[in-house]
Amino acid sequence: MPKGKRSAAADSKSAARPRNQVGFFQRISLRTKLTALSVALIGVLLVVSSLGTISLLKTYLQQNVDTLLNSTAATLQHEDPALLEDRLASQKVQLPRLPSDYYIAYLDPSGGLLIGLVSAAGKNTDVPNMSGFTASWVKSTNAIPFEVKSKKVTGSTKGNITTWRMVAVPLTEQSGSLVVALPTASNTLLLDQYANIGAGFGLLLLVISGAATWIVITSALRPLREVERTAKAVAEGDISQRLMEQPGTTEIGRINQSLNTMLGSIESAMSSRNKTLDQMRRFIADASHELRTPLVSVRGYAELYRIGALKEPKAVGEAMQRIENEAIRMSELVENLLALARMDEATALKTNPTDLVSLARDAAMDVSVANHSSNIAINDFNGKPLAAGAQLMVDADSGQLRQVLINLLANAARFSPNDEKIELAMAEAPGDRVVIEVRDRGEGIPRELRSKVFERFFRADNSRNRETGGSGLGLAIVKGIISRHGGEIVADETPGGGTTIRVALPKRQR
């Protein structure tokens, strides 16, 4: 098959495999993984410990055997083989305390057996294989113990070969060699028993440690179930859920604190998002309504003029005047919307030293010219007119603060009776603040609506009277400007009736 076809087939087979398929190891729970890892680690440590202990025990036993062999050889290498049995019987020769099984042999220089002493506790009469034990070979061993296999003799069991630990040394009084040997079966049996006992206890310890580890890990991971439950509830939409606070600075405690902080941030973000969406929906609805109404009026008068319904010059003039007024209203509304959009961009504010008293006088003059019936007085908080050279300095954008004062005074003039005075009071306040109050004598704002008058398109006049209601954006623009300058603005009641808009700005630091 061509190589390209094999590659295409492999790609199609790979594409047919589910992407969410996970391996066996990924499907195992964390608790099982941790338990298995802990048990495996304990098992490795037990095996290493057992092997090390057996090795040390084997070395210790071998050293004891070697010491016994060397001491026995040192005692017997000076003896005459022909006299050894008599001297042993008369206790003229004292052997070290040998075990019940041992073998002592005297060899001639060629390795032939001169005499052999065998001690066996059972029926086994095996003896070491000493073929080739010439005098020269024995001398080459340097009296260092070594191991050999046994040689079969009568009475031994077929296939049961004994290993002997022995030492061979030259005789000192005559030519020949001495061999002292001890079987290693007892030591081997002891090591096997120790290994079996260790394996049994090791398995029991693994079972106990595995059960204990499972219980401990289950208890330790129990808070994660709470995390899972909380995450599921949050995924279903209940973002008010929180994890139980854990005492101390444990890992679970820190995780819970971090997750609670995250959930709090998510809840705040969701609340802000929902609030923003609600405000945006209301903003779009109100803006659409505000723009639709003048457009309908303009369209209506234009259609009346087109069909010839306005025949008198006076009627035509009135229609054109209404079209112009509606166009002006739309222009103001668009300008206000653009101003709010620019403030939403949160661009850097350019400030410079600004005298609020001078701005207030200019704003009062502009509003008085626009509304000839306005009676505006600029006073201090004691009701006395400000002196000619009085100054209240702040760091601000003078153009934006001028717009604030004009909007507040125009708004007060709109709701005040023609013969009532509008008061603009300003003075320094504790805390390095400058306070401005615009007071009118209108109908006032109900207490429950005072916190809402600074929202976009909000008007206490629900009838949307075009003569008094405005667009509902003036105070929203004012609040945006004041907030950008680090100030606060509130609506309050004027003593004796009316509304007071109070603005607090940071005083300029000299």
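Within the 3.5 Å criterion, the main-chain N or O of I215 finds no donor-acceptor partner in the side chain of S219. H485 contributes no side-chain N or O that, together with a main-chain N or O of G480, makes up a donor-acceptor pair within less than 3.5 Å. Checking side-chain atoms of S140 against main-chain N and O of W137 turns up a donor-acceptor pair under 3.5 Å. The backbone N or O of L68 sits less than 3.5 Å from a side-chain atom of S71, completing a donor-acceptor pair. The backbone N or O of Q77 sits less than 3.5 Å from a side-chain atom of T172, completing a donor-acceptor pair. A distance-only check finds no donor-acceptor pair linking the side chain of N142 to the backbone of I144 [under 3.5 Å]. Side chain of S55 to backbone of L51: no donor-acceptor contact under 3.5 angstrom is found. Under the 3.5 Å distance criterion, the side-chain polar atoms of D108 are left unmatched by any main-chain donor or acceptor of G176.
Residue V65 forms a side chain to side chain contact (heavy atoms under 4.5 Å, CB included) with just one option from V167, T184, N70, N187, and that option is N187.
For the atom pair CG of L359 and CD1 of I436, the computed distance is 8.5 Å after rounding to the nearest 0.5 Å. For the atom pair S177 OG and L113 CG, the distance stands at 11.5 Å (nearest 0.5 Å). Of the inter-residue distances, the one linking L69 atom CG with R165 atom CZ reads 7.5 Å to the nearest 0.5 angstrom. Distance check, rounded to the nearest 0.5 Å: CG of N407 to CD1 of I481 gives 7.0 Å. Separating the CD atom in E147 from the CH2 atom in W164 is a distance of 12.5 Å, to the nearest 0.5 Å.
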* Under the side-chain contact (heavy atoms from CB on, under 4.5 Å) criterion, do V435 and E437 qualify, and how do the steps go? -> CA-CA 7 Å; V435 177; E437 290 187 356; 4.3 Å; yes
* **Full working for side-chain contact (heavy atoms from CB on, under 4.5 Å) between Y194 and T53** => CA-CA 10 Å; Y194 181 85; T53 304; 2.7 Å; yes
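The two atoms that bring I501 and A491 nearest to each other are CD1-CB, 3.8 Å, heavy atoms only. Looking at every heavy atom in both residues, V179 comes nearest to A168 through CG2-CB, 4.1 Å. Of all heavy-atom pairs between K479 and I489, the closest is CG-CG2, 3.8 Å. What you find for T35 and G210 is that their closest heavy atoms are CG2-O, 3.7 Å. Of all non-hydrogen atoms in P145 and A143, the two that sit nearest each other are CD-O, 3.7 Å. Shortest non-hydrogen contact noted between A105 and Y103 is CB-CE2, 3.5 Å.
In this structure, a donor-acceptor pair under 3.5 Å is present between the side chains of S29 and T32. A donor-acceptor pair shorter than 3.5 Å can be found between the side chains of T354 and N352.
Around the CZ atom of F381, the shell of radius 6.0 Å holds more than 12 heavy atoms that belong to other residues, nucleotides or ligands. Within a 6.0 Å sphere centred on OH of Y60, other residues, nucleotides and ligands contribute 12 heavy atoms or fewer.
The closest side-chain heavy-atom distance from V148 to T163 is not below 4.5 Å. For the pair L475 and L408, the minimum side-chain heavy-atom distance is below 4.5 Å. In this structure, T500 and V438 have side chains that are not in contact, with every pair of non-hydrogen atoms separated by 4.5 Å or more. Contact check for S150 versus P128: no side-chain heavy atoms found under the 4.5 Å cut-off.
Here R433 pairs with E488 in a salt bridge; the nearest charged N to carboxylate O distance falls below 4.0 Å. At a threshold of 4.0 Å, the pair R502-D492 counts as salt-bridged, since one of the basic side-chain nitrogens sits closer than that to a carboxylate oxygen. Ion pairing between D395 and R508 holds under the 4.0 Å rule for side-chain N and carboxylate O.
Residues passing the side-chain contact (heavy atoms from CB on, under 4.5 Å) test with I208 are L204, sequence neighbours excluded.
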